[in-house]
Amino acid sequence: MTAKITYGDVEVGTELPAQNFPVTRATLVQYAGASGDFNPIHWNEKFALEVGLPDVIAHGMFTMAEAIRVVTDWVGDPAAVVEYGVRFTKPVIVPNDDEGATIEVSAKVAAVLDDNRVRVDLLAKSAGQKVLGMSRAVVQLA
């Protein structure tokens, strides 16, 4: 696969299509099985409350993975992401109901770099709070 977006198609300020990602307790259990991260703060409300959390929280790596989907969907090739990093600022709190939580992600091109690369800055929020800080990816374009 190669990137569908070409270097000449973007400039600083180009906005990527925003996306919302639903998260339920079932989603967290599935992610725990796939990742091997069975920390009870991600599925056991009683335990999460006992350790001082407001409720069960989503895995940080899950949140990070959902956010980068905005970039990989836009560019059309996950391998086009050559760097990606975030700071975890707030947890995604996932209530035990039919709705769960939503991770809202928007992104824009923040810098045009050499060698057909761009830096994309992401904004990830849940329940009106920023959940990832310094969320940036460097993407290799066609």
Side-chain angles (χ1 to χ4, degrees), residues 1-7 9-113 115-142:
M1 270 181 116
T2 58
K4 295 178 190 174
I5 305 295
T6 65
Y7 187 73
D9 291 338
V10 299
E11 59 187 26
V12 171
T14 298
E15 293 187 14
L16 285 62
Q19 294 187 53
N20 292 331
F21 302 100
V23 186
T24 65
R25 296 277 178 97
T27 309
L28 299 181
V29 171
Q30 291 168 337
Y31 181 81
S35 69
D37 182 353
F38 293 101
N39 187 326
I41 64 173
H42 302 304
W43 57 270
N44 184 317
E45 185 173 339
K46 181 179 180 289
F47 184 86
L49 294 171
E50 286 175 355
V51 298
L53 294 168
D55 206 334
V56 165
I57 63 171
H59 303 73
M61 296 303 287
F62 172 81
T63 304
M64 189 177 175
E66 290 292 80
I68 197 64
R69 288 176 55 191
V70 167
V71 177
T72 58
D73 288 354
W74 171 70
V75 77
D77 181 5
V81 176
V82 296
E83 293 178 31
Y84 179 44
V86 306
R87 287 191 181 171
F88 301 105
T89 57
K90 298 269 185 196
V92 175
I93 300 165
V94 184
N96 190 19
D97 58 21
D98 293 335
E99 294 181 29
T102 301
I103 302 169
E104 305 158 359
V105 184
S106 59
K108 66 180 176 179
V109 174
V112 175
L113 310 171
D115 298 325
N116 287 12
R117 293 181 176 192
V118 296
R119 190 188 86 216
V120 176
D121 290 355
L122 297 95
L123 175 61
K125 297 169 80 176
S126 184
Q129 300 224 7
K130 188 174 177 180
V131 295
L132 298 177
M134 301 294 292
S135 184
R136 298 178 172 168
V138 174
V139 182
Q140 181 72 53
L141 301 178

Are the side chains of [Y] and [X] in contact, using a 4.5 Å heavy-atom criterion?
X    : Y    : result
L122 : L132 : no
F21  : V70  : yes
D37  : F62  : no
V81  : V138 : no
R117 : L141 : no

[atom2] on [Y] to [atom1] on [X], rounded to 0.5 Å:
X    : Y    : atom1 : atom2 : answer
K108 : E11  : NZ    : CD    : 12.0 Å
L123 : S135 : CG    : OG    : 8.5 Å
F88  : M134 : CZ    : CE    : 14.0 Å

Smallest separation among heavy atoms of R69 and Q19, with atom names:
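Scanning both residues completely, I find the closest heavy atoms to be O-NE2, 3.9 Å.
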Heavy-atom pair with the smallest gap, counting every atom of P54 and L49
O-CD2, 3.4 Å
Residue pair Y7, V112: steps toward the side chain to side chain contact (heavy atoms under 4.5 Å, CB included) verdict
CA-CA 9 Å; Y7 187 73; V112 175; 3.0 Å; yes
Sub-3.5 Å donor-acceptor pair from the side chain of [X] to the main-chain atoms of [Y], do we have one?
X    : Y   : answer
Q129 : T89 : no
T14  : V10 : no
W43  : L28 : no

Report the residues that fulfil side chain to side chain contact (heavy atoms under 4.5 Å, CB included) with I41, sequence neighbours left out, ordered by chain and then residue number.
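Side chain to side chain contact (heavy atoms under 4.5 Å, CB included) check on I41 returns N39, F47, V51, L53, I57.
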Is it true that E45 and N96 share a donor-acceptor pair across their side chains at a distance under 3.5 Å?
no
After noting the C-alpha distance and the side-chain angles of I103 and V92, does the key distance pass the side chain to side chain contact (heavy atoms under 4.5 Å, CB included) rule?
CA-CA 8 Å; I103 302 169; V92 175; 4.1 Å; yes
Check the orientation of H59 and H42. Use parallel for under 30°, tilted for 30 to 60°, and perpendicular for over 60°.
parallel
Report the C-alpha distance between I68 and Y84 in whole Å, list the side-chain angles of each, state the deciding distance to 0.1 Å, and finish with yes or no for side chain to side chain contact (heavy atoms under 4.5 Å, CB included).
CA-CA 8 Å; I68 197 64; Y84 179 44; 3.6 Å; yes
Side chain to side chain contact (heavy atoms under 4.5 Å, CB included) between D77 and K4, worked out
CA-CA 7 Å; D77 181 5; K4 295 178 190 174; over 6 Å; no
Any salt bridge linking D55 with R25? Criterion: basic side-chain nitrogen under 4.0 Å from a carboxylate oxygen.
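The answer is yes: the pair qualifies as a salt bridge.
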